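This report concerns only the one structure given below.
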2 protein chains.
Amino acid sequence: MDIENAKIPQATAKRLPLYYRFINNLHSQGKMRVSSKELSEAVKVDSATIRRDFSYFGALGKKGYGYNVEYLLSFFRKTLDQDETTSVALIGVGNLGTAFLNYNFMKNNNTKIEVAFDARDERIGQKVGGVPIKHIDDLEKHMEGISVAILTVPSSAAQGIADRLVEAGISGVLNFTPARITVPSSVRVHHIDLAVELQALVYFLKHYPLDEEEDSQ
Amino acid sequence: MDIENAKIPQATAKRLPLYYRFINNLHSQGKMRVSSKELSEAVKVDSATIRRDFSYFGALGKKGYGYNVEYLLSFFRKTLDQDETTSVALIGVGNLGTAFLNYNFMKNNNTKIEVAFDARDERIGQKVGGVPIKHIDDLEKHMEGISVAILTVPSSAAQGIADRLVEAGISGVLNFTPARITVPSSVRVHHIDLAVELQALVYFLKHYPLDEEEDSQ
DNA sequence: ACGAAAGTGTTAAAGCGTTCACAATCTCGT
DNA sequence: ACGAGATTGTGAACGCTTTAACACTTTCGT
Ligand SMILES: NC(=O)c1ccc[n+]([C@@H]2O[C@H](COP(=O)([O-])OP(=O)(O)OC[C@H]3O[C@@H](n4cnc5c(N)ncnc54)[C@H](O)[C@@H]3O)[C@@H](O)[C@H]2O)c1
Ligand SMILES: NC(=O)c1ccc[n+]([C@@H]2O[C@H](COP(=O)([O-])OP(=O)(O)OC[C@H]3O[C@@H](n4cnc5c(N)ncnc54)[C@H](O)[C@@H]3O)[C@@H](O)[C@H]2O)c1
């Protein structure tokens with residue numbers, strides 16, 4: 001909530017949305033309490049890690065009891081700013097872009113794709129998943145209030161678009177392009193490289209043999 | 001290559017496909033040599049980290065010179081087993097699944113989606129991106145030689161399908177579902193949770209202010 | 001009303017990954 | 001043939017993350 005939040009480890013911050021979603025599920029199932037052990041099994045994170053994560057925010061639970069679901073939920077809602085909505089633009093309405101537009105990122109989410117852009121004329125003016133598609137040439141005209149961009153254009157176009165997004169005052173970019181884009185350090189970029197993820201999985205399979213028993217991840 | 005590969009840190013292993021792809025680009029551009037500094041700027045990984053990563057495989061470079069692109073390429077090709085192809089199945093031909101099928105994962109890749117499955121009758125028998133779609137009921141009939149599965153079904157179906165995949169002898173699963181699936185520890189699961197990625201980016205933007213100058217990531 | 005069971009919060013340690021910094025080595029132009 | 005310049009490979013320090021372990025607190029059934 002306050003400035004002191006900067007103390008929360010990045011690894012913890014990345015798990016918060018995961019916790020939030022699961023706690024939300026518990027709540028709609030009418031569950032009243034939950035232990036770090038139960039949570040651990042559901043989200044596949046060590047229970048000690050969960051307790052540690054929660055403890056950064058103070059004492060959220062009760063010894064011998066666990067955590068009150070309703071309290072946890074309202075706490076996370078505040079912490080993750082579930083009330084304010086972040087406006088998102090999507091650039092590149094191709095295979096991936098279309099999938100994202102059709103998917104409702106609003107479910108339990110504080111983000112909303114407000115506008116999409118593409119270069120192909122036949123796409124312009126259409127709506128996909130309720131989101132209007134504008135021409136990329138008009139990017140600057142429709143970026144008011146947009147703080148995050150999802151980049152699903154061909155990799156050759158990525159840097160050029162990124163430059164324009166920066167110029168238009170973007171704060172964060174979720175980049176699905178294989179291109180590693182260069183931006184000022186005031187802009188945060190997260191790369192999600194699906195081909196690399198698949199390759200890495202294959203590499204791990206071949207080189208890091210796993211046990212032969214029991215349940216895990 | 002050999003058994004000693006188990007010594008390579010996981011963080012390094014995850015970067016290998018990234019290096020490989022970029023070295024491949026350099027090679028097709030006819031570039032003969034490259035330094036860790038150049039590589040660093042391109043893939044946005046600290047140059048010391050790159051040198052350290054490479055050093056796990058021995059001395060791949062020459063002091064005062066850098067790395068020979070051709071040598072590096074052939075080395076990575078061997079190391080990442082770019083020769084053998086891994087057969088992949090995709091389960092759930094919806095928004096995301098269709099995007100993946102249309103995308104050619106074979107570009108510079110040692111993976112190939114051989115078969116897809118869905119539950120909707122109208123989909124069965126069609127081909128998407130050249131991949132035939134079978135009925136999920138026939139899963140077991142078409143899993144011969146498949147070692148990796150991409151899971152893009154609704155989250156409610158994820159665990160059930162995962163169980164059947166395990167039964168059918170799967171080695172690895174790339175799970176795009178929000179559900180955290182439970183499998184024997186002999187099966188490797190990588191979760192890619194797109195909603196969480198977006199939420200995490202937003203959280204970082206709000207709570208981890210960045211510099212106001214210069215270029216970065 | 002009590003004692004066993006449950007389960008947190010945290011201290012301490014171990015594990016992992018990144019980065020610094022530089023000696024050692026090689027290159028290349030003159 | 002040489003010396004200035006380039007660039008690697010790595011020991012050591014550092015910082016971040018996970019995990020173990022347990023004292024302490026609360027619950028809850030009897
Ligand atoms: N689809 C996948 O499964 C997949 C997997 C891994 C990586 N990727 C990466 O994601 C990106 C998108 O993939 P895709 O399969 O959706 O590609 P795609 O070709 O289907 O879509 C790209 C879209 O961007 C539009 N576009 C092109 N230039 C543009 C510009 N300058 N401004 C605005 N729009 C522009 C095109 O008209 C098209 O609609 C690519 O970089 C690809 O490498 C995709
Ligand atoms: N599309 C996105 O942008 C996005 C983003 C984040 C997460 N996800 C997750 O990815 C998954 C897929 O998303 P989507 O948008 O493609 O959904 P979707 O509904 O478009 O596709 C799901 C597909 O799975 C098929 N299916 C349903 N039950 C099945 C079964 N038992 N066996 C085989 N196939 C079955 C459906 O027929 C459908 O074609 C979901 O779990 C979703 O939460 C998607």
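No hydrogens, no waters, no symmetry mates; every other heavy atom, side chains included, goes into these values. Quick caveat: nothing in here was measured; it's all calculated off a predicted structure. Chain letters run A, B, ... following the sequence lines, proteins first and then strands; every chain starts at 1.
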Who pairs with B:K62 by side-chain contact (heavy atoms from CB on, under 4.5 Å), at least two apart in sequence or on another chain?
B:Y65
With sequence neighbours left out, the residues meeting side-chain contact (heavy atoms from CB on, under 4.5 Å) with B:A42 are B:F22
Listed partners of B:D163 passing side chain to side chain donor-acceptor pair (under 3.5 Å), at least two apart
B:Q159
Would you please name every residue forming a side chain to side chain donor-acceptor pair (under 3.5 Å) with B:S87, sequence neighbours left out?
B:E114
Residues in salt bridge (charged side-chain N to carboxylate O under 4.0 Å, His left out) with B:R164, at least two apart?
B:E140
By salt bridge (charged side-chain N to carboxylate O under 4.0 Å, His left out) - contacts of B:R51 (at least two apart)
none
What bend angle does the helix from C:dA1-D:dT30 to C:dT30-D:dA1 show across its length, from five-pair end axes and to the nearest 10 degrees?
20°
Hey, can you pull the residues of residues 28-39 of chain A with a non-hydrogen atom under 4.0 angstrom from DNA chain C?
A:R33, A:S35, A:S36
Expressed in angstrom and rounded to an integer, what is the separation of [X] atom [atom1] from [N] atom [atom2]?
{"X": "B:K7", "N": "D:dT10", "atom1": "NZ", "atom2": "P", "value": "14 Å"}
{"X": "B:L72", "N": "D:dT7", "atom1": "CG", "atom2": "P", "value": "15 Å"}
{"X": "A:L60", "N": "C:dT8", "atom1": "CG", "atom2": "P", "value": "11 Å"}
{"X": "B:Y71", "N": "D:dT8", "atom1": "OH", "atom2": "C1'", "value": "14 Å"}
{"X": "A:K63", "N": "C:dA4", "atom1": "NZ", "atom2": "C1'", "value": "18 Å"}
{"X": "B:Y67", "N": "D:dT7", "atom1": "OH", "atom2": "P", "value": "11 Å"}

Contact nearer the 5' end of DNA chain C, comparing A:G58 with A:G64:
A:G64
Remember a base hit wins even if backbone is also touched, and classify A:F54 as base, sugar-phosphate or nothing at under 4.0 Å, heavy atoms.
nothing
Atom pairs, protein N/O to nucleotides 18-22 of chain D N/O, distance under 3.5 Å:
| unit_1 | atom_1 | unit_2 | atom_2 | d |
| --- | --- | --- | --- | --- |
| D:dT18 | OP1 | A:R15 | NH1 | 2.8 |
| D:dT18 | OP2 | A:R15 | NH1 | 3.2 |
| D:dT18 | OP2 | A:R15 | NH2 | 2.7 |
| D:dT19 | O4 | A:R52 | NH2 | 3.1 |
| D:dA21 | N6 | A:R51 | NH2 | 3.3 |

Quick note, ring-ring contact (aromatic ring centres under 6.0 Å, His included) partners involving residues 160-184 of chain B, not counting sequence neighbours, are B:F100-B:F176
Angle class for the A:F76/A:Y19 ring planes (parallel below 30°, perpendicular above 60°, tilted otherwise)?
perpendicular
Side-chain N or O of A:Y65 versus OP1/OP2 of C:dG9: is the shortest distance under 4.0 Å?
no
Aromatic centroids of A:Y56 and A:F54 separated by under 6.0 Å
no
Residue pairs involving residues 196-205 of chain B (criterion salt bridge (Lys or Arg N to Asp or Glu O under 4.0 Å); sequence neighbours excluded)
none
Any residue meeting ring pair (Phe, Tyr, Trp, His ring centres under 6.0 Å) with A:F117, in chain and number order, not counting sequence neighbours:
none
